[in-house]
Amino acid sequence: MKKDKFKKHYNPQTIEPKIYKSWEEEGYFAPKALKKTFTIAMPPPNITGSLHLGHALNATIQDVLIRYHRMKGHRTLWIPGLDHAGIATQNMVEKELSKSGKTRQDIGRAELLKLLQTWEKKYSARIINQFKKIGASCDWSRIRYTLDEGYARAVKKAFILYKKKGYIKRGQRLVNWCPRCKTALSDIEVEHREEKGRLYYLKYRLLKKKEDQKFEYLTLATTRPETLLGDSAVAVNPDDKKYKKYIGRKIFVPLVKRKVRVIADEAIDPKFGTGILKVTPAHDAVDFEIGERHHLKKIKVIDEEAEMTGPIPLKYRGLDRFKAREGVVKDLKQEKILVKTEGLTHKVPYCYRCGQMIEPLISKQWFLSMKKLAEPAIKVVEEDKIEFVPERYKKVYLRWMKSIRDWCISRQIWWGHKIPIKGEEDVLDTWFSSALWPFASLGWPKETKDLQTFYPTSVLTTAKDNIFLWVARMIFSGLFFMDEIPFKVVYIHPTILNAEGRRMSKSLGTGVDPLDLIKKYGADATRFGLIAKAGHNQEIRYSESSIVAGRNFSNKMLNATRFILMNIEKNKIDGFEIDNDILSDKKLLKIEANKKTVELLKKTKSEIEKHILDFRFNLAADSIYEFFWHQFCDKCLEQNKDNLYQGSEQEKKKVLKFLIVVMADSLKLAHPFMPFVSEHLWGELNKALKIKANPLIITPWPK
RNA sequence: GGUCGCUUAGCUUAGUUGGUUAGAGCGUCUGGUUUACAUCCAGAAGGUCGGAGGUUCGAAUCCUCCAGCGACCACCA
């Protein structure tokens, strides 16, 4: 053997790209077999940037499933895709734009869309390249984008069908408004952060009754004193004895000198603050509901820019909401209305995309009525027609689905699907289009052959962040439009944290680029290192040593093959068809190590299959690692060396054939996890035996 | 306020229905290798399985309580 041709260290950098190219060119990623289908619609990554380790893990998981089923002879399809990711992408482009001091309003819609399309091209290409580098065997001929032409048809159709059946309604309701993105958001797009705030105790004066001698006051507490400018009632709990006598009385809202009523509502917690609530229906969700119950005026005092507006003293008008608070507090102090303040910890809503504080306000938006749509989506999960893995997420899903509220689906941004109503300028929530993914990616609303063949899909694997935003919505959408579940299993993979146990963050510089790892250790090593940690756990602490172990394992496989190849050269056994009959040869099995190896090989095969089907990839990876390294290499190869060196010609050949067969099966078992090195070594092995064999990717899984 | 998860060797962790000396990788230590691999081999040290009770012939595993960490949900004004 020529040393320069087959070095003792595996070199993924040169081998991996060649192998990927050959797989792709030969069309092995497209579904071929006729037996039972296995389908995964890849969670389409946002085109906001490049893929991170979480994506790499998810891609590996899917690829393991896909490669396993392909080798099992199933008609296997993995549809790749990309998501235009509405607000997220627009924000990235706006951020770029802001470097030249401009806003989207400065350049206008058409110009911003141009920038977005440039962005889209750049990052789509980058993401696709990353998937290829990691070895993803998805069918690129079927790639879909949530903003492509066919997809736009699907979104339009979906909107119209919902509307026709009365599920979509337009209305003035209280929504979560992001003053930076200048759009409404759905409830789950709001992030609540715990913060230290201040509770202001304010003394409101009651209108005097004729018989009264003195003025009477009610003291209430608020964290947002500036909103009192929009107060239209003061509320107490109907059972609160302290305040019962005030119900129905009129009271002055300070600074605006507005006369409002003291009302009684169950929503008031007598134990919070003083047990009295100032009601601002236009700027608070609870207050809005109280307002609806008591037919209160909704007085808008904060506008879409988060500046003060409406029927308020001139001095506040146009002030930013935080500045307005300062002003209001100062004036309240002066008028001796502010009794006291105290600190408190509470949760403040922020935009999940840009981090700006949300301003609840009333706005005309489109809503999808959820109650009825949720019913079948609850049923299919309760009846285990859709299974969550790990099972604990079933409860998480059901709890949310059972308390679901209407979904605000319109957005006042420019990047996305336009609402298909004449004269309507708004776009749809990006998740409205993602919700259609499992069937729209297969061609819906057209009745395509793919749709007939591959829907419902088999497995959806995603991060737990997406359970409500995406998974839940795919389930009710699939049931509504297809009258069929979108997938049978939802696997929620663990979240990758950094070594300190914190979330990896690009902005904090704690992210790891999978491409760097692939460059340094190879795709197989990266895949193995990641997946060896993924089971039913909820998080993974990332450590490079796991990837190093993967690298060493690749190398181990290479060297074991190298050893076998050297002996094939020495003992001419050209044309030996790899045949598992040798595993039951009685004479060979007299050697303890061989007997054990055959036993463990059988056990390993069944364990790996079981673990893959149970989504315990860590255990599957352990199994192949343990068997191959510590049984086959450390025991079996070592103990057969004597026979290979000293045995008779016939004995040598027999032993060698035995080793070849175990090696070949090991490569097959390793292939879903480490596709490149296994494919490469499979090729070398067959070449040395002068056998024309199919590539490993389409070789049947060992029996 | 509620729900869920985690806590096992110096570090990262496996341990799926309770059952022989609790496994592994990294690190450490000792020894080895002229012909597959030092990205290696043989071996060693290192764990009262977060704490306290309980169930059981038997508990890392089941139950109760407690502590620390983390995630999520909720109309904490």
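Per chain, numbering begins at 1; letters A, B, ... match sequence-line order.
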- Determine the interatomic distance between P on B:U3 and the same-named atom on B:C11; round to the nearest Å.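 Nearest-Å result for B:U3 against B:C11 at atom P: 32 Å.
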
- Message: Starting the side chain at C-beta, find the nucleotide from B:C37, B:A42, B:U16 nearest to A:His611.
- Response: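 For A:His611, the side-chain atoms sit closest to B:U16.
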
- Query: With sugar-phosphate meaning primed atoms plus P, OP1 and OP2, does A:Lys278 contact a base, only sugar-phosphate, or nothing at under 4.0 Å between heavy atoms?
  - Reply: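 Nothing, no heavy atom under 4.0 Å.
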
- In whole Å, what separates the C1' atom of B:G46 from that of B:C29? 11 Å

- Query: Whole-Å distance between B:C37 C1' and A:Phe563 CZ?
  - Reply: 11 Å

- Query: What is the nucleic acid contact for A:Tyr10, judged by heavy atoms within less than 4.0 Å: base, sugar-phosphate only, or nothing?
  - Reply: nothing

- Query: At under 4.0 Å between heavy atoms, what does A:Ile540 touch on the DNA or RNA strands: base, sugar-phosphate, or nothing?
  - Reply: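 Contact class for A:Ile540: none.
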
- Message: By the 4.0 Å heavy-atom rule, please label A:Gln538 as base, sugar-phosphate, or nothing.
- Response: base

- Query: To the nearest Å, how far apart are A:Asn537 CG and B:C6 P?
  - Reply: 9 Å

- Item | Expected output: side-chain A:Asn640 to main-chain A:Leu659 donor-acceptor under 3.5 Å | no

- Query: Would one find more than 12 heavy atoms of other residues, nucleotides or ligands at under 6.0 Å from atom CZ of A:Arg205?
  - Reply: yes

- Task: Go through the steps for A:His9 and A:Asn555 under the test side chain to side chain donor-acceptor pair (under 3.5 Å), then give the verdict.
- Result: CA-CA 6 Å; A:His9 284 185; A:Asn555 195 55; 4.5 Å; no

- Spacing between A:Arg551 atom CZ and B:C26 atom P, to the nearest angstrom: 11 Å

- Task: For B:G58, give its Watson-Crick or G-U wobble partner with both distances under 3.5 Å, or none.
- Result: none

- Message: Do A:Ile276 and A:Tyr204 make a side-chain contact, defined as non-hydrogen atoms from C-beta onward lying under 4.5 Å apart?
- Response: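 The answer is no; the side chains never approach within 4.5 Å.
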
- Using only side-chain N and O atoms of A:Asn567, determine if any of them is under 4.0 Å from OP1 or OP2 of B:A36. no

- Message: For B:C69, give the paired nucleotide (Watson-Crick: N1-N3 plus N6-O4 or O6-N4; G-U: N1-O2 and O6-N3; both under 3.5 Å), or none.
- Response: B:G5

- Rounded P spacing from B:G25 to B:C41 in Å: 9 Å

- Message: So, does A:His630 get its side chain near the phosphate of B:G25, meaning an N or O under 4.0 Å from OP1 or OP2?
- Response: yes

- Message: Check this for me: does the side-chain of A:Lys641 come within 3.5 Å of the base of B:A36 through a donor and an acceptor?
- Response: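 Indeed there is one.
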
- How would you label the contact of A:Leu619 with the nucleic acid (heavy atoms, under 4.0 Å): base, sugar-phosphate, or nothing? base

- Message: Rounding to an integer number of angstrom, what distance separates B:U20 and B:C72 when you compare their C1' atoms?
- Response: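 It works out to 41 Å between them.
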
- Across all strands shown, which nucleotide pairs with B:A44 by Watson-Crick or G-U wobble geometry, both distances under 3.5 Å? B:U28

- Query: What nucleotide among B:A36, B:G25, B:U16 has an atom nearest to a side-chain atom of A:Tyr625?
  - Reply: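 In terms of side-chain proximity for A:Tyr625, the closest of B:A36, B:G25, B:U16 is B:G25.
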
- Item | Nearest-Å distance once atom C1' is located in both B:C57 and B:A67 | 32 Å

- Considering only heavy side-chain atoms of A:Asp269, the closest of B:G70, B:C72, B:A77 is B:A77

- Do the side-chain N or O atoms of A:Arg562 get closer than 4.0 angstrom to the phosphate oxygens (OP1, OP2) of B:C37? yes

- Query: Would you call the rings of A:Tyr10 and A:His680 parallel, tilted or perpendicular, where under 30° means parallel and over 60° means perpendicular?
  - Reply: tilted

- Base paired to B:U17 (Watson-Crick or G-U; both N/O distances under 3.5 angstrom):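 Because no pair has both required distances under 3.5 Å, B:U17 counts as unpaired.
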
- Message: Looking at the base of B:A42, is there any donor atom on it, or on the side chain of A:Glu638, that sits under 3.5 Å from an acceptor on the other one?
- Response: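 Such a pair does not exist between side chain and base.
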
- Report yes if a side-chain nitrogen or oxygen of A:Arg541 is closer than 4.0 Å to either non-bridging phosphate oxygen (OP1 or OP2) of B:U12; otherwise report no. yes

- Query: Does A:Tyr645 put a side-chain nitrogen or oxygen below 4.0 Å from OP1 or OP2 of B:A36?
  - Reply: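 Checking B:A36 against A:Tyr645, a side-chain N or O does come within under 4.0 Å of OP1 or OP2.
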
- Query: Which whole number of Å gives the distance between the C1' atom of B:U8 and that of B:C49?
  - Reply: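 Each nucleotide's C1' atom is 4 Å from the other's.
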
- Task: Could you walk me through whether A:Thr495 and A:Lys464 pass side chain to side chain donor-acceptor pair (under 3.5 Å), step by step?
- Result: CA-CA 8 Å; A:Thr495 307; A:Lys464 63 178 184 297; 2.9 Å; yes

- Message: Both A:Lys635 and A:Ala549 contact RNA chain B. Taking the nearest nucleotide for each, which residue is further toward the 5' end?
- Response: A:Ala549

- What nucleic acid atoms does A:Ser546 come within less than 4.0 Å of, heavy atoms only: base, sugar-phosphate, or nothing?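 Counting heavy atoms under 4.0 Å across all strands, no contact is made by A:Ser546.
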
- Query: Tell me: CD1 of A:Ile404 to C1' of B:C72, nearest whole Å?
  - Reply: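 It works out to 16 Å between those atoms.
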
- Message: Using only modelled atom types and a 3.5 angstrom limit, is any donor from either the side chain of A:Lys8 or the base of B:C37 paired with an acceptor on the other?
- Response: no

- Item | Closest to side chain of A:Arg616, choosing from B:G15, B:A36, B:C4 |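 It is B:G15.
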
- Would you mind reading off the distance between A:Glu500 atom CD and B:G70 atom P, rounded to a whole angstrom?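 In whole Å, B:G70 P and A:Glu500 CD are 14 Å from each other.
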
- Message: Using whole Å, what does the distance between atom P of nucleotide B:C37 and atom CE of A:Met663 come to?
- Response: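 Result: 15 Å.
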
- Task: Nearest whole angstrom, please: distance from the P of B:C69 to the CZ of A:Arg503.
- Result: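 From A:Arg503 CZ to B:C69 P: 19 Å.
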
- Message: Give me the distance, rounded to whole Å, that separates B:G5 from B:U16 when you measure between the P atoms they each carry.
- Response: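 Roughly 15 Å separates the two P atoms.
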
- Message: Nearest to the side chain of A:Asn618, heavy atoms from C-beta on, is which of B:U3, B:G5, B:A14?
- Response: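 Looking only at side-chain atoms, A:Asn618 lies closest to B:A14.
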
- Task: Determine whether more than 12 heavy atoms belonging to other residues, nucleotides or ligands lie under 6.0 Å from atom CD of A:Glu194.
- Result: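 Atom CD in A:Glu194 is crowded, with more than 12 foreign heavy atoms closer than 6.0 Å.
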
- With both distances under 3.5 Å as the test, what is the Watson-Crick or G-U wobble partner of B:U34?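 Across all strands, not a single nucleotide pairs with B:U34.
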
- Item | Whole-Å gap separating C1' (B:A77) and CZ (A:Phe272) | 5 Å

- Message: In whole Å, measure the gap between the C1' atoms of B:U28 and B:A9 for me.
- Response: 12 Å

- Message: Among B:U3, B:U16, B:A42, which nucleotide has an atom closest to any side-chain atom of A:Asp634?
- Response: B:A42

- Picking from B:C76, B:C41, B:A71, the nucleotide nearest the side-chain atoms of A:Lys464 would be B:A71

- Item | Side chain of A:Ala560 - closest among B:C41, B:G5, B:A36 |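 Shortest atom-to-atom distance from the side chain points to B:A36.
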
- Stepwise side chain to side chain donor-acceptor pair (under 3.5 Å) check, A:Thr280 with A:Lys278: CA-CA 7 Å; A:Thr280 321; A:Lys278 61 185 262 323; 2.9 Å; yes

- Query: Taking only N and O in the side chain of A:His192, is any of them less than 4.0 Å away from OP1 or OP2 of B:A74?
  - Reply: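 Negative; the distance criterion is not met.
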
- Message: Testing A:Phe617, A:Phe628, A:Tyr521, A:Phe553 one by one against A:Phe528 for a ring pair (Phe, Tyr, Trp, His ring centres under 6.0 Å), which residue passes?
- Response: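 It is A:Phe553, the one option of A:Phe617, A:Phe628, A:Tyr521, A:Phe553 that forms the ring pair (Phe, Tyr, Trp, His ring centres under 6.0 Å) with A:Phe528.
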
- Note on the structure: Among B:A77, B:A36, B:U39, the one nearest any side-chain atom of A:Leu637 is B:A36

- Query: Does a nitrogen or oxygen in the side chain of A:Lys520 sit under 4.0 Å from OP1 or OP2 of B:U39?
  - Reply: no

- Message: Pairing donors with acceptors under 3.5 angstrom, does anything connect the side chains of A:Asp269 and A:Asn237?
- Response: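 A:Asp269 vs A:Asn237: no donor-acceptor pair found between side chains.
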
- Would you indicate, yes or no, if B:C4 has its OP1 or OP2 atom less than 4.0 angstrom from a side-chain nitrogen or oxygen of A:Lys395?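 True: A:Lys395 side-chain N/O within range (under 4.0 Å) of B:C4 OP1/OP2.
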
